[in-house]
Every structure is written in structure tokens, then in C-alpha cells.
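Right, one structure below, let's go through it.
Keep in mind the model is a prediction, meaning the values are calculated, not measured. Lettering of chains follows the sequences in order, A, B, ..., and the numbering in each one begins at 1.
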2 protein chains.
Amino acid sequence: MEDRKLTVRAVERALDILMCFTQNSELGLTEIAGMIGLHKSTVHRLMTTLEEKAFVVRDAATEKYRLGIKVWELSTHLSQSDDPAVLLLPAMERLRDRLGETVSLYLRDGKDRLRIQAVQSNQAIRRVAQVGARLPLTVGASSKVLVAFAAPADQEELLSDPDWAELVKGGSYVRQLQDIRERGYATSIEEREPGAAAVAVPIVNRNGNVAAALSVSGPVSRLSSETLNEFAPVLIEAAREMGLMIP
Amino acid sequence: MEDRKLTVRAVERALDILMCFTQNSELGLTEIAGMIGLHKSTVHRLMTTLEEKAFVVRDAATEKYRLGIKVWELSTHLSQSDDPAVLLLPAMERLRDRLGETVSLYLRDGKDRLRIQAVQSNQAIRRVAQVGARLPLTVGASSKVLVAFAAPADQEELLSDPDWAELVKGGSYVRQLQDIRERGYATSIEEREPGAAAVAVPIVNRNGNVAAALSVSGPVSRLSSETLNEFAPVLIEAAREMGLMIP
DNA sequence: CTCAAATGTTTCACCACATGAAACATGGTT
DNA sequence: AACCATGTTTCATGTGGTGAAACATTTGAG
């Protein structure tokens, strides 16, 4: 009890439970209790509450819990007016048509990144990217961009984490970030996903903050190191235009 | 304290707060406190918790709260495989093309209904229906269908509510429901929305339960009582096919 | 068919923790 | 400056959330 809590524990736990459903769309009581390390009966009471408010429902067949209609209703009321995923979609489609590869848009969320939008390549062999996916911030071109261009305070916090050093291989990491800032883009070849390569750039909004990372990715067979570097200027220009569109 | 609460009050309150954002996408602290009748400081603590978990964010400019990225992330993990709004969209588009008017899909949620899907008429003068809208269950063709074909227990609960009698005009209401069940469809002319008329039918799923209500609506200038009755058989046939598609 | 193991549900005594009043801080308006 | 509205922090109080344990129910194994 060193520093005061100005938060409500029961609510924190309930929200943690909800987030469990991003890993598995159907969960049982004991399963949830195991995931967040609480007693069955505590979870049961929280689930009853969530169910009563229709944030979760019980599947009639399996007796397990799923996300409920209120989550869906809330999501329709997300203010879309300034949502990059909506505003930038047309520009991303143009970029996809020009380069012929899958285009993705990422936000940093804590120590992860989230793919908030994606338009798929229409070639036969293509990378298929899932919107809403939570990915590690330690590997991949987009990750390096998001870290390299993060606000100094945020970056400091990430790099000072004791776990971080282990996750990013080699002491050259800080040097890499410096290079990325100088060049303005990052590349990755089979870093997170075997067989896949990508190039990513930051999207800087009107206020000069890095609002997101934009990436083009595909099979290594088509995306050689050389090709990635050729794509970079196209991405940089596209990102510049996109940056003007978002607040 | 007559009957035991097996729910968690703090969580209930937090969820109620979240649902406030369906009425207004940007809310201040005092505003929220007023809406759910709690003390400022209580709401403040709950908001801090919601903010820490990124279920809400504070708008940099206005200092007010908005829904956060976790709500968005959760929504992408809603199991879409058996979501009527997704499964029935193509069929709804075909119906729109055939009749030329706006087609909507509704679910009952407690004592309201939710528009979970809509495809707009492409005529110059048209009804524009917003997906995610929460509407009263007391008026409108879809409402009458949802009530008339609700499970007996649910219907009983609705009709026995003392408030209900006042909201539905006239004692002919129960009789109306009986008519609707016999005919298999309901109509409404300027009942909820001035200048608008609609015809609605139930969608019965494979298990024989009423899964949703399907409606066609437009301006009264085009949808006379006669036209609505002509549309009804088309709707009934479309709803029958749709019912086979959902669990 | 019986017993055991796993999952979900309810009960209960304890005291941590959520609560709301009040004081404090801040910024905008007259 | 004085005021009002909004957000933030402090604090005493006792309610209400907690987890152990008992109970209920289903599933599977032997």
C-alpha cells in the first residue's frame, strides 16, 4: 500500500475479463479464472454482472460465455469522424492498387501494436492481414517505426523496461532506431512471420505527432531488400498525404 | 436487502457509464454523474479505472471522455460467424433492389429494439436508417412484430409492466398483436417518425425462434397502406429464406 | 452402475475497499 | 476580483466485495 489506488479493483477485474475474449471468443468460468488468477466464485459474480448488463452472453449450446450485444452496440457509437481506420481507407486502397501488396495500418497500444486497418493484396499469393490483431512491438517493420518515432517519454518507458532488452535481439537495437529515424522508414524480412517481408513508415498528423504506422507487406519471393527500399519513397509520400487527413 | 445480490455494484455502475456513450460520443465528468445519479467523486474513480484500461480516452482538446481503443478491439473479436447482421446482408440488398426502399434488421434488447443492419434505398427521396440505433419497442411495425412473436414468457413480462400500458395507445393493443400473429406481418404509418411508413415481418430461425424483425420502410408518399400490404408477401418469402441461414 | 473429477453455483464471516461528503484546485465568464 | 462550473484529492465510515468451503450438477472412466 505504498501509493494510493484511485481506481476500482472490481471494475479493473471485470475489464480484464472482457479483454480475455480477444484471445478466445468462447470461454468457460474456470478457464477465465485461470487466465486472470482469481477464485472461481469471484469470477462467477463478475460474470453474472457482465451477463446481466448483456456485455457477455451464454451460448445456448456450449454453456460458455461470449461477448454480448452491448459490446457491439458500443462499437457502433465509436466516434468514426476522426478514426484513422475510416479516414485513411481510400488512400490505403490506392496504395495497394499501386504496389499490388497488402497494406496495413498500426497503432501502438502500450507494449503491443494493433492492426486497425488492412487492405489485402489481390495477387494469388498474398499476405492476409487480420484487422484487430494484437501483435508484439518487438519485431516487425511497423514495430520499429512505432518505437523509433514514439514520443521521447514513451520511448524511454519502453526501453527502460527490464524485459525489453531480452526481447529485442542484440545491442544494435538502439542504433537501428537511430537509423530508422534518419532514413524515415524501417524494413523487416522474416522477422515476425516466416516468409513475409515488410516496409513501414510513420504517419505524422497535423500536430506533428506520430499517429500511426503504415506498412506494405508480402511474400519474401516478391519483396527483396531492394524492392522494399524502392517502395519506401512511395510509402513516405503516401504517408505524408495521409497525415494531413487526420487530427 | 430482500433478495441477495449476486452482482457487483461497482461493475454495474462502470458498465452503465460505458453505455452512456451511446447517447453522446463525448461526455464530461459532471455530465456522466448527472446521467446515472452518482456523486462526482465516485464517477471520477470509475472513469480513472476505465481510462487506465483504455476503455475510454480523454480527448486532448476538449478534456472530455470518449470511448477508447479497447472497445474497438473487443468489437473486432465479436464472433461474426453467426452474426445475422453479416449473414443476412446480401439477402437484404437483394430485397432492397427488388422493392427499391430501405431495408432494416432489428433485434429486441430488453424493452428496446436495436437496428443491427440496414441497406439504404437508392432513390432520391429515401429514409436513411442508422445501424446501431436504439429505438422504442412501443411504436413502429418492427416493434409490433418483435412483441407479437416474442417468447410467451418475454411477452408476458413486457405487457405486465405498469409503464407499458401508457406507452401503447388504446386498449386495442393486445388485439393488434393477435391480428399481427394471424396475418404474419405488421404495418405502421407515421407511427414513430413523421412522414415514414413501414412493413415488418419476423425472421424465424431453424430452431423455430424469432431471431429478428425485417422491415421495409420509406416515405408515406410512396408507401400507402395498399402498397405496404402488397409488399408483405415479398417480405414474408424473403424472411423465410433468411431464417434458414441463421442458427 | 459406481465412483471420481471437473465445472458451475450458493453460502457465509471477515475486513479491505468502495463510497460520498467535503475540501481543494483550476479555468473560464461576468 | 468575485464567481461559477468543472475536475481532483482527502478521509472517516460501514457497506459490500472477497475467497474458502460447501453444495449441486454433469461428464467420463473403470
Distance check needed: [N] [atom2] versus [X] [atom1], whole Å only.
| X | N | atom1 | atom2 | value |
| --- | --- | --- | --- | --- |
| A:E31 | C:dA6 | CD | C1' | 13 Å |
| A:R9 | C:dT19 | CZ | P | 12 Å |
| A:L6 | C:dC17 | CG | P | 14 Å |
| A:K40 | D:dA24 | NZ | P | 14 Å |
| A:E63 | D:dT27 | CD | C1' | 13 Å |
| B:I36 | C:dT19 | CD1 | P | 10 Å |
| A:L46 | D:dG16 | CG | C1' | 13 Å |
| B:K64 | D:dA5 | NZ | P | 15 Å |

Nearest listed nucleotide, side chain of [X], among [options]:
| X | options | value |
| --- | --- | --- |
| A:V8 | D:dA22, D:dT9, C:dA18 | C:dA18 |
| B:A10 | D:dG7, C:dT9, C:dT19 | C:dT19 |
| A:R58 | C:dT9, D:dT8, D:dT9 | C:dT9 |

Could you tell me the separation between the [atom1] atom of [X] and the [atom2] atom of [Y], rounded to the nearest 0.5 Å?
| X | Y | atom1 | atom2 | answer |
| --- | --- | --- | --- | --- |
| A:K144 | A:E191 | NZ | CD | 3.5 Å |
| A:L146 | A:D109 | CG | CG | 11.0 Å |
| B:K53 | A:R13 | NZ | CZ | 10.5 Å |
| B:L27 | B:I32 | CG | CD1 | 5.0 Å |

Next item on the list: Considering just the side-chain nitrogens and oxygens of A:H44, establish if one lies under 4.0 Å of OP1 or OP2 belonging to C:dG8.
Entry: no
Item checked: DNA chain C: 5'-proximal contact among A:L29 and B:S41 (nearest heavy atom) -> A:L29
Notebook entry, point to check: Do A:R45 and D:dG16 have a side chain to base donor-acceptor pair shorter than 3.5 Å?
Noted result: no
Note to self: Using a 6.0 Å distance limit plus a 45 degree cone around the ring axis, check whether B:R115 lies over the aromatic ring of B:Y106.
What the structure shows: no
Margin query: Expected output is a numbered-order residue list: members of residues 13-27 of chain B with a heavy atom under 4.0 Å from any atom of DNA chain D. What is it?
Written below: none
Next item on the list: Check every strand shown and say whether B:T42 touches a base, only sugar-phosphate, or nothing at a heavy-atom separation below 4.0 Å.
Entry: base
Next item on the list: Using a heavy-atom cut-off of under 4.0 Å over every strand shown, decide if A:T30 touches base, sugar-phosphate, or nothing.
Entry: sugar-phosphate
Notebook entry, point to check: Could you walk me through whether B:R108 and B:D154 pass the salt bridge (charged side-chain N to carboxylate O under 4.0 Å, His left out) check?
Noted result: CA-CA 11 Å; B:R108 185 170 76 86; B:D154 293 343; 3.1 Å; yes
Margin query: Between A:R240 and A:E237 (salt bridge meaning N to carboxylate O under 4.0 Å), is one present in this structure?
Written below: yes
Next item on the list: Starting from the 5' end of DNA chain D, give me the residue, A:H39 or B:V11, whose nearest nucleotide shows up first.
Entry: B:V11
